[in-house]
Amino acid sequence: MFMSATLTGAAVLSALVLNASALDARVQAVSGQGQDRSELLYTIAGNRMRIERTETNQPHVVDIVVFDSNAVTLVFPQNHGFIQFSAEAEPSPGLGATNSSPGPPPGLGNAGPFIPPPVMEKLELQDTGRKTNLLGFECKLYELKQRGRAMEIWATDQLPDFEPYVENQQRRFKPHFIEDQWQELLRAKKLFPLLVKLRMENGSERMSFEVQSITPQHFTEEDMKLFAPPAGYTRLQPLPF
């Protein structure tokens with residue numbers, strides 16, 4: 001069973017340090033973009049992480065991640081099915097783009113000058129040097145800026161690598177904007193965000209992510225069933241991306 005007590009501040013950090021083998025905890029967060037708001041629960045046990053939305057208005061997909069193997073399982077309660085695939089992705093535009101220009105597509109001949117498609121801007125986390133303490137964890141402030149948008153990210157390296165919540169298998173090679181890249185950039189640096197704000201040039205807030213509580217957990221053998229599809233669910237084939 002989950003521990004019912006929620007610890008905050010230095011008590012959280014002390015409890016986690018005592019568990020030297022792994023961080024077992026429940027992390028509650030709220031993510032918002034425009035009028036959309038998601039209440040997220042990260043359940044962490046050793047090398048496994050379960051991510052789910054806790055709103056009860058409808059069934060929501062459950063993500064299960066195994067860090068050692070980079071395996072991802074998406075569980076679909078609405079049809080009692082699940083898919084499994086590897087999180088290892090090929091390089092995406094924007095994360096490793098170069099300035100080399102491709103030649104003209106075949107068949108154009110001398111129809112006119114070839115105008116290459118625009119190269120997606122490569123973003124990098126900028127360490128501002130500022131530090132603070134959030135929920136008992138030392139955090140650094142990182143910044144991302146792109147075309148009039150500025151994102152501030154308070155993140156820590158004292159929690160497991162961050163994994164974004166997804167509701168379907170992600171396509172590769174899709175265009176990446178600042179809203180898409182920040183999660184992958186944090187994961188590459190083995191950081192977990194506690195507070196994220198994306199603002200437009202006029203100061204209006206476009207997106208946010210905030211951890212509200214961190215509760216150390218003690219998992220029983222029965223609890224570990226949370227990190228596998230329920231009995232009776234059917235394995236489905238992932239899309240061939």
Side-chain angles (χ1 to χ4, degrees), residues 3 6-32 38 40-52 63-72 86-89 91-92 94-96 122-146 150-166 176 178-199 207-219 227:
M3 294 172 59
T6 299
L7 303 180
T8 59
V12 173
L13 186 56
S14 298
L16 299 181
V17 170
L18 289 176
N19 186 0
S21 59
L23 169 65
D24 294 347
R26 181 175 60 185
V27 178
Q28 292 181 309
V30 175
S31 177
S38 302
L40 299 173
L41 174 62
Y42 289 76
T43 305
I44 305 164
N47 70 334
R48 298 175 183 267
M49 177 183 289
R50 174 187 171 106
I51 315 168
E52 58 194 305
D63 301 356
I64 299 172
V65 180
V66 180
F67 293 117
D68 293 349
S69 62
N70 290 311
V72 177
S86 173
E88 291 290 342
S92 302
L95 290 180
K122 181 180 179 180
L123 295 179
E124 293 184 2
L125 283 174
Q126 301 295 325
D127 187 343
T128 67
R130 294 177 57 188
K131 298 180 181 180
T132 193
N133 186 290
L134 296 176
L135 298 177
F137 293 87
E138 183 180 278
C139 297
K140 290 184 177 181
L141 176 60
Y142 298 86
E143 288 184 344
L144 282 173
K145 294 184 178 180
Q146 180 189 58
M151 177 175 282
E152 294 185 346
I153 305 172
W154 288 100
T156 182
D157 61 3
Q158 297 173 337
L159 290 170
D161 300 353
F162 182 61
E163 291 288 338
Y165 172 74
V166 297
H176 278 69
I178 194 169
E179 294 94 329
D180 306 306
Q181 290 200 50
W182 71 275
Q183 298 166 324
E184 193 170 344
L185 292 172
L186 280 180
R187 181 168 52 187
K189 289 186 174 292
K190 300 186 177 301
L191 297 171
F192 196 102
L194 295 187
L195 181 62
V196 181
K197 298 287 184 181
L198 172 61
R199 292 186 172 87
M207 191 217 77
S208 65
F209 177 92
E210 182 176 3
V211 172
Q212 297 183 319
S213 68
I214 301 173
T215 309
Q217 302 290 303
H218 172 69
F219 291 103
F227 302 95

Under 6.0 Å between ring centres: does that hold for Y42 and Y165? no
When you measure from the side chain of S31 to the backbone N and O of S38, does any donor-acceptor pair fall under 3.5 Å? no
List the steps and the verdict of side-chain contact (heavy atoms from CB on, under 4.5 Å) for Q217 and T43. CA-CA 9 Å; Q217 302 290 303; T43 305; 5.7 Å; no
As a test of understanding, state which of I44, L134, L135 forms a side chain to side chain contact (heavy atoms under 4.5 Å, CB included) with I214. L135
So that I know where these two stand, are F209 and W154 an aromatic pair - ring centroids less than 6.0 Å apart? no
In short, V66 meets R48 closest at the heavy-atom pair CG2-NH1, 3.3 Å
Do the non-hydrogen side-chain atoms of T128 and Y142 ever get within less than 4.5 Å of each other? no
How many angstroms lie between atom CG of L191 and atom CD of Q183, to the nearest 0.5 angstrom? 13.5 Å
Just wondering, do T132 and L141 contact through their side chains at under 4.5 Å, heavy atoms? no
Is the shortest side-chain heavy-atom distance between L123 and W182 below 4.5 Å? no
Decide side-chain contact (heavy atoms from CB on, under 4.5 Å) for V72 and I64; before the verdict, give the C-alpha distance in whole Å, the side-chain angles of both, and the deciding distance to 0.1 Å. CA-CA 6 Å; V72 177; I64 299 172; over 6 Å; no
Would you sort out whether D127 and K140 count as a salt bridge (charged side-chain N to carboxylate O under 4.0 Å, His left out), showing the intermediate values? CA-CA 7 Å; D127 187 343; K140 290 184 177 181; 3.8 Å; yes
Locate the shortest heavy-atom distance separating C139 from L194; write the atom from each residue and the value. SG-CD1, 3.4 Å
Intermediate values then yes/no, side-chain contact (heavy atoms from CB on, under 4.5 Å), L125 and K189: CA-CA 9 Å; L125 283 174; K189 289 186 174 292; 3.8 Å; yes
Yes or no on side-chain contact (heavy atoms from CB on, under 4.5 Å) for V196 and M207, after CA distance, side-chain angles and deciding distance? CA-CA 8 Å; V196 181; M207 191 217 77; 3.8 Å; yes
In this structure, CG of N47 is separated from OG of S69 (nearest 0.5 Å) by 7.5 Å
How far apart are the closest heavy atoms of F192 and M49, and which atoms are they? CE1-CE, 4.4 Å
Specify the closest pair of heavy atoms between E138 and T156, including all atoms of both residues, with the distance to one decimal. O-OG1, 3.0 Å
Are the side chains of V30 and Q212 in contact, using a 4.5 Å heavy-atom criterion? yes
Side-chain touch L198/E179, heavy atoms, less than 4.5 angstrom: yes
Does A71 offer a backbone N or O that forms a donor-acceptor pair with the side chain of S86 under 3.5 Å? no
E152 side chain near R199 side chain, heavy-atom distance below 4.5 Å: yes
Do NZ/NE/NH1/NH2 and the carboxylate oxygens of D157 and K190 come within less than 4.0 Å? no
Does D24 reach the main-chain N or O of F219 with its side chain, forming a donor-acceptor pair under 3.5 Å? no
Could you measure the distance from the CD atom of Q181 to the CE atom of M151? Nearest 0.5 Å is fine. 10.0 Å
Do R187 and P164 have side chains that get closer than 4.5 Å, going by heavy atoms? yes
Between the side chains of S213 and Q28, does any donor sit under 3.5 Å from an acceptor? yes
Compare all side-chain heavy atoms of V166 with those of I51 and state whether any distance is below 4.5 angstrom. no
From D161 CG over to E163 CD, what is the distance, rounded to the nearest 0.5 angstrom? 7.5 Å
